[in-house]
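Counting convention: from 1, in listed order, for ligands and their atoms alike. On a predicted model such as this, the values are computed, not experimentally measured, just so you know.
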Amino acid sequence: MADPYERSAEFVDVMIAPHWAALGPPLADALSGNPGPIVDVGAGGGLGTRVIARSTADARIVAVEPSPALRSVLLARVNDDPGLRDRVTVLPEGILDAALPERLGAVVAMNVIGHFGPDERHRIWALLAARLLPGGRAVLNLQPPGEPVAVPESRFADVRVGRRRYEGWGRAEPAGRDRIAWHMTYRTYHDGRLVGELEVGYAWWVLSEQRLREELGAHGLGLDRTGPAELGMYLIGRKDM
Ligand SMILES: C[S@@+](CC[C@H](N)C(=O)[O-])C[C@H]1O[C@@H](n2cnc3c(N)ncnc32)[C@H](O)[C@@H]1O
């Protein structure tokens, strides 16, 4: 499988960090008291993994991350923190190929669901229905757009580290019935002077709340919104619980 983050991993973790300031508290609330095990789907550099660990007392965590570049950040972050090192296992496969615990307290899928098309989502929902413990839940977010429409270019990140400033820009265009193509540009400035520019593109499956609800319903799962509305976060659990 091609790694869409192979060239951009250097920027992804630092640029997603400010978003975790907002995503962290509602995720922590959603997981409070969860006994685990907890799977972090597409853990990236592990900013969400760290929230999961801090919001649960001693739940075992499985952080699944297929991108070798981002997994390097993840493994270093886990290794660097004794509170993570003893509890977090990093797996390099995709979520549908990873050897996961038979029973799960929670599954976290933040900023990742657009990597999965309808067939893969169907398999993920089946996995939740089969493995979530009683009272278990999944937490995910839906990122706009929910329909295959164009997204005009905008700056989504502006981060300063030392004398360098890193800007992330993105735009998207429709690329099929349920897909968009993202075009990202990462610019590096040193003392205000542009010294680097990287362009990468990747495909993203769009998913609306209504379609998510229908897909989950077919597996006996339901969803509720959680956290501030603008974050698009949802709790998923069995309807019969
Ligand atoms: C935008 S990043 C989000 C990372 C992290 N969840 C966060 O919010 O900081 C999307 C992640 O999904 C991962 N991913 C892509 N396909 C995957 C798959 N089949 N199984 C698990 N993770 C996958 C990517 O490698 C990437 O790390």
Residue-level breakdown please: for [X] versus ligand 1, do any non-hydrogen atoms fall below 4.0 Å on the side chain, on the backbone, on both, or on neither?
X   : result
L70 : side chain
P4  : neither
E93 : neither

Item to check | Geometric class of the Y202/Y5 ring pair [parallel <30°, tilted 30-60°, perpendicular >60°] | outcome: tilted
Checklist entry - How are the rings of H122 and H219 set relative to one another: parallel (under 30°), tilted (30 to 60°) or perpendicular (over 60°)? => result tilted
Checklist outcome for this item: Value for CG (L142) from CG (L223), rounded to nearest 0.5 Å, stands at 8.0 Å
Next on the checklist: Quick check for you: to the nearest 0.5 Å, what is the distance between I180 atom CD1 and E173 atom CD?
Outcome noted: 9.5 Å
If I apply the N/O under 3.5 Å rule, does [X] come out as touching ligand 1?
X    : value
Y5   : no
I16  : no
V112 : no
G94  : no
D40  : no

Do [X] and [Y] meet the criterion of a side-chain donor-acceptor pair at a distance under 3.5 Å?
X    : Y    : answer
T56  : N34  : no
E199 : Y186 : no
T188 : R165 : no

From the candidates [options], the one that places a heavy atom nearest [atom]:
atom                    : options            : result
atom 27 (O) of ligand 1 : E6, R71, E65, E120 : E65
atom 3 (C) of ligand 1  : N111, D97, D3      : N111
atom 5 (C) of ligand 1  : G42, A69, G48      : G42

Checklist entry - Would a line drawn from the ring center of H115 to the ring center of W204 be shorter than 6.0 Å? => result yes
Checklist entry - If you count the atoms of ligand 1 from 1 in the order shown, which ones are under 4.0 Å from a heavy atom of S67? => result 25 (O)
